[in-house]
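Notes to accompany the following structure.
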Amino acid sequence: MNNLTAGVPTLEQLSNLPLPPSLPPHPGYGTPAIHAAARKKHLSKRLRTAIQLAIADDLKRILALSSWEEKQEGVDGLFEVIEERVRDKEPILAKLPDFSERVEDGLEQVLRMVRGRVRGVTKGSAVSAAEESDVADEKEKVPSSEQGEVTKENLEYAIDVMDVNKEAPVPVFMDLLKVAKLQQSTPSTDDDSARKDLQSKMSLSEFFTGSNEAGVPNLIYPLNVHHNEGTGRMVEEWELAANKETKRIMMRDGMKEIARRVVEVANCCGGEVDDAKKGAARVFVTGKRGVGKTATLAGLVASARVSGHIVAYLPDGDRLRKHGFYIEPCPHRKGLYNLPEIAKEFCEQLLTSHGSDLREIRVAKEDMNEFLSEEQITRLFSRAKTDSADQEESGTSADELSLDKVLDVGMGSTSLSSGCYGTVISALMNQTQKPFTVVMDEFNCYYDHGHYFHMDYDENVRKAIPINKITVFKPFLDAMGLYPAVAGNEITQAASLNESTAMMKWGSMIVGMSESRAVRQAFTQALTESASAQSQNEENPVHVVDLQRFSDVEVQHILYNFEITGIGRLRFDRGYTTLNPEEVEYLRMVSGGIGQPLLDACMLP
């Protein structure tokens with residue numbers, strides 16, 4: 001991406017951003033075969049890169065020769081000297097028992113890849129360096145009349161089959177506070193697409209440009225620092241930083257993959273889109289403890305809001321599944337239960353973050369009947385009336401209300417909050433005016449042992465109420481459609497809508513696991529297996545994204561960020577740690593390439 005002037009990219013920009021790959025799974029995680037395959041591929045690429053560097057000058061001379069016999073003689077000479085040259089460049093790999101065979105095979109692969117490029121591959125249709133050498137064979141099928149000549153302009157490109165001269169991608173940080181600064185400035189750019197991106201970010205509501213009392217940007221509201229527990233180490237990192245003028249989140253390949261899935265399936269970033277082409281994506285985010293799942297979800301929330309999505313963000317699933325104050329049977333929907341105080345909280349959060357967007361969407365009386373009784377609907381309309389002479393302007397009429405009015409009434413009424421919130425969520429899921437994205441962190445907590453009991457569900461009050469029978473959570477769990485074989489409560493498909501029916505018409509459902517909460521590992525594993533099984537669904541698959549450990553370059557850039565923002569002992573060491581390769585490697589080793597231990601290691605004196 002060539003433009004990050006606004007600090008936070010849109011989902012489309014994020015999906016196209018060149019980012020370095022993460023490390024493969026550690027063999028100790030139970031997948032040694034994946035690690036071994038990645039390690040073998042890395043060694044092969046490293047060896048072929050050394051071979052290319054060793055023969056680059058010779059290849060230029062050979063390709064400049066006119067006769068085939070001279071070229072063949074030059075290639076034969078390469079096979080005689082290549083082993084010694086590569087041994088000098090890679091003394092560690094030279095100790096491999098099959099080093100000679102590897103070098104000979106690697107040289108043959110490099111030469112075949114160069115021949116493939118010379119025989120008709122143009123710069124615009126280049127093959128990736130990661131492709132196997134058999135791709136070069138396919139290029140031999142190009143008719144001789146269509147094969148290009150080696151010119152001075154493309155000679156360097158033809159030789160650089162391992163992309164040695166190509167600039168390697170580096171990590172990029174989004175700055176959530178830069179959006180606020182942009183609101184106060186005037187964009188100046190000649191690029192039409194860049195100007196449109198800047199204008200869309202400048203159209204954010206004033207609320208998103210501020211921060212709360214703890215310094216957390218409102219762009220990721222309602223993420224906050226819990227007074228006892230805290231929410232993720234990302235917020236703790238911001239609290240520890242000396243520089244309070246920047247709030248950064250590193251964009252990684254996992255975040256890019258999620259954004260790509262949302263953009264492709266929902267088709268939400270291409271300007272005007274026909275309703276027939278609009279869709280909804282389901283994304284399941286997993287990974288080991290500390291790899292950055294909370295940071296990834298928070299970054300996606302910011303990117304989605306900058307892209308114009310209405311976002312319902314539930315960052316603290318562990319609190320919601322057990323601290324709902326009290327539960328009561330839903331008087332209008334038999335078999336379901338309400339959490340009135342949680343519903344009031346949800347109404348307030350959605351109204352605070354997206355009130356201006358919700359003012360443009362209306363819901364009719366007949367669409368409220370599923371969630372509210374006739375008497376409740378009458379009370380809702382009565383409370384929604386204002387003293388304004390123009391009822392249309394105030395968001396009220398005889399037969400419909402704007403969603404912001406419904407939420408305004410819900411956040412102030414215990415008896416109406418659950419019905420109002422259910423009405424608004426249903427309206428957002430069934431409209432196609434604006435994409436609607438739901439992001440839920442600590443999603444596996446909902447599948448743990450339940451904490452809500454009522455004698456209306458179990459006369460002996462021994463069985464917990466399944467979470468998908470609680471009205472504030474039901475639409476989201478129905479949309480994800482995950483019913484693991486092992487769970488802490490009876491979450492069954494019998495009490496749910498079909499996921500194709502429950503899913504929103506335009507938007508996405510993004511849920512993330514938590515390894516730092518007290519949830520039985522068997523429940524988390526069963527939930528992950530259920531999502532993996534749903535990934536085979538052809539009509540509406542669940543896209544599983546497994547976040548991995550930080551790569552070497554990611555660790556280095558995180559340490560740069562820690563030093564620039566002033567965290568821990570890096571605040572005063574004047575670059576001694578970040579500019580010392582041994583120190584960087586030590587921190588990477590003790591942290592295992594995982595964010596939380598890396599932050600802890602930087603706090604030690």
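Throughout, residue positions are numbered sequentially from 1 according to the sequence presented.
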Test ring-ring contact (aromatic ring centres under 6.0 Å, His included) applied to Y29 - qualifying residues, sequence neighbours left out: H26

Q521 atom CD: more than 12 heavy-atom contacts under 6.0 Å: yes

Closest non-hydrogen atom pair between N267 and W506, with its separation: O-NE1, 3.8 Å

Note, T294 side chain near P315 side chain (heavy atom, < 4.5 Å): no

Note, T437 side chain near S508 side chain (heavy atom, < 4.5 Å): yes

Closest approach of K89 to A50 (non-hydrogen atoms, all atoms of both residues): CD-O, 3.7 Å

By salt bridge (charged side-chain N to carboxylate O under 4.0 Å, His left out) - contacts of R39 (at least two apart): none

Short side-chain to backbone donor-acceptor contact, R85 and A54, under 3.5 Å: yes

Heavy-atom closest pair, residues F550 and L23: O-CD1, 3.2 Å

Partners meeting side-chain contact (heavy atoms from CB on, under 4.5 Å) with T49 (sequence neighbours left out): K45, L53, M162, V164

Side-chain (E104) to main-chain (F79) donor-acceptor, under 3.5 angstrom: no

Side-chain heavy-atom pair P21, S551 within 4.5 angstrom cut-off: no

Chi angles and distances behind the side chain to side chain donor-acceptor pair (under 3.5 Å) call for Q556, Y560: CA-CA 6 Å; Q556 193 170 30; Y560 291 157; 3.1 Å; yes

Pairs touching residues 540-562 that satisfy salt bridge (Lys or Arg N to Asp or Glu O under 4.0 Å), sequence neighbours left out: R252-E554, D552-R588

Polar side-chain atom of S535 near backbone of S532 as donor-acceptor pair, under 3.5 Å: yes

Sequence neighbours excluded, every pair satisfying ring-ring contact (aromatic ring centres under 6.0 Å, His included) that has a member inside residues 34-75: none

E101, CD: over 12 other non-hydrogen atoms inside 6.0 angstrom: yes

Exam field: side chain D175 to backbone K247, donor-acceptor pair closer than 3.5 Å: yes

Polar side-chain atom of S303 near backbone of L11 as donor-acceptor pair, under 3.5 Å: yes

Under 3.5 Å donor-acceptor, K293 side chain and G287 backbone: yes

Polar side-chain atom of E442 near backbone of G317 as donor-acceptor pair, under 3.5 Å: yes

Close side-chain approach of I62 to E73, heavy-atom, < 4.5 Å: no

Residues in side-chain contact (heavy atoms from CB on, under 4.5 Å) contact with P32, at least two apart in sequence or another chain: P27

Partners passing ring-ring contact (aromatic ring centres under 6.0 Å, His included) against Y313 (at least two apart in sequence or in another chain): none

Donor-acceptor contact below 3.5 Å, side chain R282 vs main chain M509: no

Test item: L19 and M255 side chains (from C-beta on) under 4.5 Å apart, heavy atoms: no

Shortest non-hydrogen contact between L300 and I258, atoms and distance: CD1-CG2, 3.4 Å

Matching residue for W238 among I249, T246, N243 - test: side chain to side chain contact (heavy atoms under 4.5 Å, CB included): I249

Partner set under salt bridge (charged side-chain N to carboxylate O under 4.0 Å, His left out) for D105, not counting sequence neighbours: none

For K278, all residues meeting salt bridge (charged side-chain N to carboxylate O under 4.0 Å, His left out), sequence neighbours excluded: D275

Atom NZ of K505 with >12 non-hydrogen neighbours under 6.0 angstrom: no

Electrostatic pair D253:K256 at N-O distance under 4.0 angstrom: no

Set of side-chain contact (heavy atoms from CB on, under 4.5 Å) partners for S530, sequence neighbours left out: L482, P484

Pair listing, salt bridge (Lys or Arg N to Asp or Glu O under 4.0 Å) test, anchored in residues 258-267, at least two apart: E257-R260, E257-R261, R260-E264

side-chain contact (heavy atoms from CB on, under 4.5 Å) partners of S591, counting only residues at least two apart: P597, L598

